[in-house]
Protein chains: 2
Amino acid sequence: MTYHVYTDGACRNNQAPGGQPGGWACVFVDGPEYSGFDPRTTNNRMELTAVIEALKHTEKGAEVVVHSDSAYVINAFLQNWFQGWERRGWKNAKGDPVENQDLWKTLRQLVEERRVTWIKVKGHAGDRFNERADQLAVEAIRQGLGGKDTH
Amino acid sequence: MTYHVYTDGACRNNQAPGGQPGGWACVFVDGPEYSGFDPRTTNNRMELTAVIEALKHTEKGAEVVVHSDSAYVINAFLQNWFQGWERRGWKNAKGDPVENQDLWKTLRQLVEERRVTWIKVKGHAGDRFNERADQLAVEAIRQGLGGKDTH
RNA sequence: CGACACCGCUUACU
DNA sequence: AGTAAGCGGTGTCG
């Protein structure tokens with residue numbers, strides 16, 4: 001049995017500094033949906049969190065196909081960014097500390113315990129499950145903010 | 001009377017080897033603007049060229065305040081890299097030949113004929129004149145490439 | 001090792 | 001039209 005899951009993250013006013021309200025969601029094909037909220041985060045943290053939460057809802061050793069529109073997440077595994085990060089002591093190509101190390105380490109652990117296949121989907125391109133995940137992530141922000149922004 | 005001039009260089013596809021299309025620009029405060037194009041160059045050559053062209057538009061003996069975001073250019077004068085280069089026969093600290101010697105020698109000549117003050121500005125930090133020089137340098141590349149890339 | 005630029009790419013938002 | 005979060009690299013020097 002193989003899990004197929006679509007993940008997405010969203011972050012309001014992502015151009016503002018210091019972190020902003022964000023939401024994440026994961027949608028299992030023919031399965032459950034999960035979503036969550038963070039009052040102070042970034043778009044990339046939400047994308048990472050969405051995948052982490054998805055994998056947490058599968059058992060160790062499971063076969064999982066993860067669909068995400070985040071090149072940040074997908075390419076880290078497809079291009080094995082970890083190799084360079086560890087060689088440089090968790091510094092990126094510019095020499096600065098890798099961002100979101102906490103989430104990256106959690107995610108890699110979950111991935112190593114499973115058989116994960118990565119699928120890059122194009123955002124806002126009509127994919128039904130991706131659109132659903134996007135919708136849930138945005139909805140999570142509204143609910144997290146107290147539902148006062150149903151506009 | 002003192003000239004205040006902002007300079008900048010740009011180079012497309014700077015990650016590719018062998019030189020790429022580049023542009024330079026200099027903006028005189030309360031004065032004219034100049035820009036130019038080179039079909040095969042590097043980012044640092046464009047930064048150097050921008051200053052050279054700026055000084056060429058001032059008279060010998062003039063007092064000039066040069067604003068640049070390039071530590072490569074600024075530190076050469078503030079830290080007097082020339083001293084070491086000449087002592088070693090135009091070799092750098094690693095023992096390799098100094099790059100861009102043609103431009104360095106032209107620039108030093110122009111500087112010696114004037115009273116130049118060097119100001120290091122932070123790139124892309126909202127400085128109005130620095131942004132303007134950047135814009136002109138990028139525009140020069142487009143025009144140099146034939147204006148076919150107005151996308 | 002340090003520094004400053006220059007670029008390429010993707011996503012997220014306004 | 002623009003900005004932010006993030007990654008990969010080269011150009012150059014001490």
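Residue numbering restarts at 1 for every chain, and letters A, B, ... go by the order of the sequence lines.
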Query raised in the report: Can you check whether T42(A) has a side-chain N or O nearer than 4.0 Å to OP1 or OP2 of dG6(D)?
Result: yes
Query - For C11(A) against T41(A), the heavy-atom pair lying closest together - result: SG-O, 3.7 Å
Report summary line: From the candidates rU11(C), dC7(D), rC7(C), the one with an atom nearest any side-chain atom of N92(A) is dC7(D)
Requested in this report: Could you check whether K91(A) gets within reach of a base, just the sugar-phosphate, or nothing at all, counting any heavy atom under 4.0 Å?
Outcome: nothing
Query raised in the report: What is the distance, rounded to the nearest whole Å, between atom CE of M46(A) and atom C1' of dA5(D)?
Result: 13 Å
**Report entry** Whole angstrom value for the distance that separates P of dG9(D) from CH2 of W81(A)
**Finding:** 10 Å
Query raised in the report: Does a nitrogen or oxygen in the side chain of N75(B) sit under 4.0 Å from OP1 or OP2 of dC13(D)?
Result: no
Query raised in the report: Sub-3.5 Å donor-acceptor pair from the side chain of N92(B) to the main-chain atoms of D96(B), do we have one?
Result: yes
Query raised in the report: Checking only heavy atoms, does the side chain of N44(B) share a donor-acceptor pair with the base of dG11(D) at less than 3.5 Å?
Result: yes
**Report entry** Touch class at under 4.0 angstrom, heavy-atom based, for V98(B) against every strand present
**Finding:** sugar-phosphate
Query raised in the report: To the nearest angstrom, how far is L103(B) atom CG from dT12(D) atom C1'?
Result: 13 Å
**Report entry** Side chain of W85(B) (C-beta onward), nearest among rC6(C), rC7(C), dG14(D)
**Finding:** dG14(D)
Report summary line: Quick note, D134(A) side chain, CB onward, closest among rU10(C), rA5(C), rC13(C) is rC13(C)
Query raised in the report: Would a distance-only check, ignoring hydrogens and angles, find a side-chain to backbone donor-acceptor pair under 3.5 Å from R132(B) to V27(B)?
Result: no
Report summary line: Against the side chain of N100(B), the closest entry in dT12(D), dC13(D), rC7(C) is dT12(D)
Requested in this report: Check the angle between the aromatic planes of W118(A) and F77(A) and answer parallel, tilted or perpendicular using the 30° and 60° thresholds.
Outcome: parallel
Query raised in the report: Looking for any heavy atom pair under 4.0 Å, which part of the strands does E47(A) touch: base, sugar-phosphate only, or nothing?
Result: sugar-phosphate
Query raised in the report: According to a strict under-4.0 Å criterion, is K120(B) in side-chain N/O contact with OP1 or OP2 of rA3(C)?
Result: no
Query raised in the report: Between dG8(D), dC7(D), rC4(C), which nucleotide gets closest to the side-chain atoms of E99(A)?
Result: dC7(D)
Requested in this report: Starting at atom CH2 of W104(A), determine the distance to atom C1' of dG6(D), rounded to an integer number of angstrom.
Outcome: 9 Å
Requested in this report: Would you kindly give the CD-to-C1' distance between Q83(B) and dG14(D), to the nearest whole Å?
Outcome: 14 Å
Report task. Mark yes when over 12 heavy atoms from residues, nucleotides or ligands other than R108(B) sit less than 6.0 Å from its CZ; otherwise mark no. Result -> yes
Report summary line: Taking rC7(C), dA4(D), dC13(D) as options, the one with an atom nearest any side-chain atom of N43(A) is dA4(D)
**Report entry** Presence of R88(B) side-chain N/O under 4.0 Å of dG14(D) phosphate oxygens OP1/OP2
**Finding:** yes
Query raised in the report: Atom CD1 of I74(A) and atom P of dA5(D): how far apart are they, to the nearest Å?
Result: 22 Å
Query raised in the report: Out of rC13(C), dG6(D), rC4(C), which has the shortest distance to the side chain of Y72(A)?
Result: dG6(D)
Requested in this report: Under 4.0 Å between any heavy atoms, over every strand shown, what does G9(B) touch: base, sugar-phosphate, or nothing? Just pick one.
Outcome: sugar-phosphate
**Report entry** Selected nucleotide, minimal atom distance to C11(B) side chain, candidates rC6(C), dG8(D), rU11(C)
**Finding:** rC6(C)
Report task. Nearest-nucleotide wise, let me know which of G123(B) and D69(A) is further upstream toward the 5' end of RNA chain C. Result -> G123(B)
**Report entry** D127(B) side chain vs N130(B) backbone, donor-acceptor pair below 3.5 Å
**Finding:** yes
Query raised in the report: How long is the line joining CD of Q135(B) and P of dA1(D), in whole Å?
Result: 13 Å
**Report entry** Side-chain N,O (K94(A)) to OP1/OP2 (rC4(C)) below 4.0 Å
**Finding:** no
Query raised in the report: Relative to each other, are the rings of H67(A) and H4(A) parallel, tilted or perpendicular (30° and 60° limits)?
Result: tilted
Query raised in the report: Is the phosphate of dT3(D), meaning OP1 or OP2, less than 4.0 Å from a side-chain N or O of H124(B)?
Result: no
Requested in this report: Would you mind classifying the nucleic acid contact of A10(A) as base, sugar-phosphate or nothing, using non-hydrogen atoms under 4.0 angstrom?
Outcome: sugar-phosphate
**Report entry** Atom-to-atom span, CD1 of I119(B) to C1' of rC4(C) - whole angstrom
**Finding:** 16 Å
